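Read the structure below first, then the notes.
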Amino acid sequence: MSHKIVVGFDGSESARAALSFAVEAARKTGGELLIAHVLEWSPYSFLTPTELEERHKRRGEELERAEKAILAPVVESVKASGVTVSTALRYGHIAETLVSIAKEEGADQIVIGRTGHSSLSSRLFGSVAGSLAQAAPVAVTIVP
Amino acid sequence: MTMHFKAAATAATAWLVASAPVSAQSIDERVNEVFANSTGWFVNFIFSPFPGTSFPWIVAWLVIAAAIFTVYFGLIQFRAFPHSIALVKGDYSDPNDAGEVSHFQALATALSGTVGLGNIAGVAVAIGIGGPGATFWMILAGLMGMASKFTECTLGVKYRNEYEDGTVSGGPMYYMTKGFTERGLPGGKALAILFSIFCILGALGGGNMFQANQAHAQLTNVIGDYPGWITGVIFAGIVFAVIVGGLQSIAKVTEKVVPIMGVMYVATALVIILMNADMIGWAFGQIFEGAFTGLGVAGGMVGALIQGFKRAAFSNEAGVGSAAIAHSAVRTKEPITEGFVSLLEPFIDTVVICTMTALVIIITGQLVSDPETGMYLLNEGSSAIQTVDGNSGVALTSAAFSSAFGWFKYVLAIAVILFAFSTMISWSYYGLKAWTFLFGEGKASELVFKVIFCLFVIIGAAASLGPVIDFSDAMIFAMAVVNIVALYFLMPIVKAELDSYLSRLKSGEIRKFH
């Protein structure tokens with residue numbers, strides 16, 4: 001049976017550590033990798049009228065930027081190491097979205113770094129790692 | 001008329017600059033005088049009564065429209081209420097559309113444009129003049145207004161412009177032009193131009209001057225009297241930073257704080273009402289009795305009715321067309337869904353929040369009545385009911401809340417200022433959309449409007465309440481005159497959308513994602 005590992009990736013130092021851990025694990029087991037980047041988003045946030053008007057346009061720009069600046073560079077290097085890799089780019093609550101990606105893709109493991117970009121807000125509102133540890137239906141590996 | 005108005009604005013601004021050494025009070029007085037003289041004729045026209053009665057034709061116009069939409073769409077505001085809530089919760093939102101404008105966001109933004117002084121100061125004006133009975137008519141107008149809002153917001157989304165770069169522009173001026181062409185009707189363009197002119201003036205009036213004016217009243221109430229133009233200049237500076245300087249972050253902060261303030265306001269009102277639980281029955285008694293007898297107010301039952309309907313329309317803007325601009329940015333394949341969502345707006349704004357204000361004013365005994373007859377006593381000019389401390393407008397609401405919690409007047413002052421600010425930001429956008437519809441999109445044209453908008457903040461803070469509130473009402477109702485004409489011609493389109501959507505909802509073609 002082939003393994004599929006979902007890596008939560010935001011381009012941070014810690015996420016890079018998680019990615020190299022996952023690449024290693026995939027290579028050992030002959031599994032494949034799915035690099036997931038989630039843009040933090042709540043449909044219940046508040047926007048100004050001008051932001052509403054430009055939202056569709058901004059969304060397109062944000063997706064393009066994330067694809068180019070965050071996902072594309074690492075996909076190349078992972079491919080070079082001989083591991084089968086795909087990507088997912090979504091909006092939503094980070095932990096919840098990683099869980100639903102893992103379910104949809106039938107992954108058997110989620111790998112994330114311990115701290116992403118926003119260590120201050122995660123201290124206030126609970127970290128992605130913490131929520132995943134509690135909610136994930138599959139094994140979660142937290143890489144320091 | 002635009003010219004007429006611009007001339008007044010220029011003159012007033014020139015005075016502000018020229019008479020700097022003159023004492024501050026006289027600047028306020030002169031602004032006030034110029035303003036009242038230059039706008040009075042239009043105000044008189046809009047509020048002119050049916051011959052031989054004291055009933056303004058404009059009030060009948062709004063109520064008849066709301067009643068027609070309510071009947072035409074088969075009490076849609078009650079039938080679709082649960083579905084509206086499911087839509088706002090996101091039950092029917094496609095997860096692949098995450099990151100786009102949600103129904104909740106469109107509703108919240110539209111609400112922050114309407115919830116504000118209308119709910120706090122406007123209701124106090126209505127109760128102060130029309131007595132407790134005005135509350136009854138206000139709630140009725142709110143419930144019926146839900147159908148008007150449903151109609152205009154569905155059309156707003158259906159006929160919006162979507163540009164290649166992904167931005168959208170929508171509102172009555174777009175459904176007037178595109179919708180009329182589609183139905184092969186003449187006159188769409190003329191209506192759209194007329195609507196845009198009124199929308200620009202409404203943005204400068206109710207969406208701007210009234211807000212600045214009442215924010216200043218609230219500040220003087222808390223920290224003591226000082227000239228209005230000072231508040232005006234400070235406010236204008238902040239508004240300028242947001243709409244010209246692009247500091248969306250300031251606006252974003254208020255967008256977040258305003259809902260919290262709204263919830264706090266309703267919660268405090270509930271606490272005060274519950275503290276006086278034994279008076280609730282009496283208060284509703286006053287509301288019902290006053291609705292049909294007037295209980296001694298000027299104009300009796302008709303007086304109460306006019307005040308209730310007027311202030312409801314001013315507060316929830318149903319039929320005015322402004323909400324159609326705000327709602328048109330939502331991401332949905334079904335324009336009708338935004339209509340469903342928008343009908344919650346008058347409910348939250350008028351039926352819930354305005355009623356809370358009214359109950360607190362009534363229950364805390366701000367209105368003076370004759371202990372023997374139970375009739376309300378009028379003030380010296382017989383223009384309004386006597387209040388305990390002689391307050392009116394926002395000061396009356398503040399006195400009512402403070403009689404239970406002394407500290408509340410400070411919270412209310414902050415709430416009023418934030419509400420005023422968020423309403424100004426929303427209306428600067430509505431006005432801008434109307435402006436660009438008339439004069440074309442482009443940086444220079446937009447800048448002209450934005451600068452005019454900021455100047456009116458100063459005028460509004462300096463002028464006195466009477467002329468400002470009259471002008472604000474007149475412009476907002478003028479928008480409704482044009483908008484409702486268009487709604488009558490386009491309502492069969494909404495009906496077709498509604499029937500198609502409901503049958504697909506029933507057949508299961510439209511289903512929940514969550």
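Here is the naming used below: chain letters follow the sequence lines, and residue numbers restart at 1 for every chain. Bear in mind that the values here come from a model prediction, so they are computed numbers and not experimental data.
Using a 4.5 Å heavy-atom cut-off against chain B, the contacting residues of residues 38-45 of chain A are A:W41, A:S42, A:P43, A:Y44, A:S45. Close approach to chain B, defined as a heavy atom under 4.5 Å from one of its heavy atoms, is seen in no residue of residues 71-81 of chain A. Interface with chain A: from residues 154-163 of chain B, no residue qualifies, criterion being any non-hydrogen pair under 4.5 Å.
Listed by first then second residue, pairs satisfying salt bridge (Lys or Arg N to Asp or Glu O under 4.0 Å) with a partner in residues 62-73 of chain A read A:R55-A:E62, A:E64-A:K68, not counting sequence neighbours.
Paired with B:T167 under the rule side chain to side chain contact (heavy atoms under 4.5 Å, CB included), one option of A:R58, A:E54, A:H56 passes, and it is A:E54.
Looking only at side-chain heavy atoms (C-beta outward), A:T50 and B:Y429 come within less than 4.5 Å of each other. For the pair B:P259/A:F46, a side-chain contact is recorded, criterion being any heavy-atom separation below 4.5 Å from C-beta on. The closest side-chain heavy-atom distance from B:Q105 to A:E51 is not below 4.5 Å.
When every heavy atom of A:P49 is checked against every heavy atom of B:S426, the shortest pair comes out as CG-CA, 4.0 Å. Looking at every heavy atom in both residues, B:A326 comes nearest to A:L52 through O-CD1, 3.8 Å.
With hydrogens and angles ignored, the 3.5 Å screen pairs a side-chain donor or acceptor of B:T109 with a backbone N or O of A:L47. Side chain of A:R90 to main chain of B:N96: no donor-acceptor pair is present (N/O by atom type, distance under 3.5 Å, no hydrogens or angles).
With a 6.0 Å radius and a threshold of 12 heavy atoms from other residues, nucleotides or ligands, B:F449 has its CZ atom above the threshold.
Residue contact with chain A, scored on non-hydrogen atoms closer than 4.5 Å, involves the backbone of B:V88 exclusively.
Interface summary for chain A: among B:G99, B:G170, B:A98, B:S112, the most heavy-atom pairs under 4.5 angstrom belong to B:G99.
Here the NZ atom belonging to A:K57 is positioned 4.5 Å from the CG atom belonging to B:D165, to the nearest 0.5 angstrom. Taken to the nearest 0.5 Å, the CD atom of B:E100 stands 4.5 Å off from the CZ atom of A:R59.
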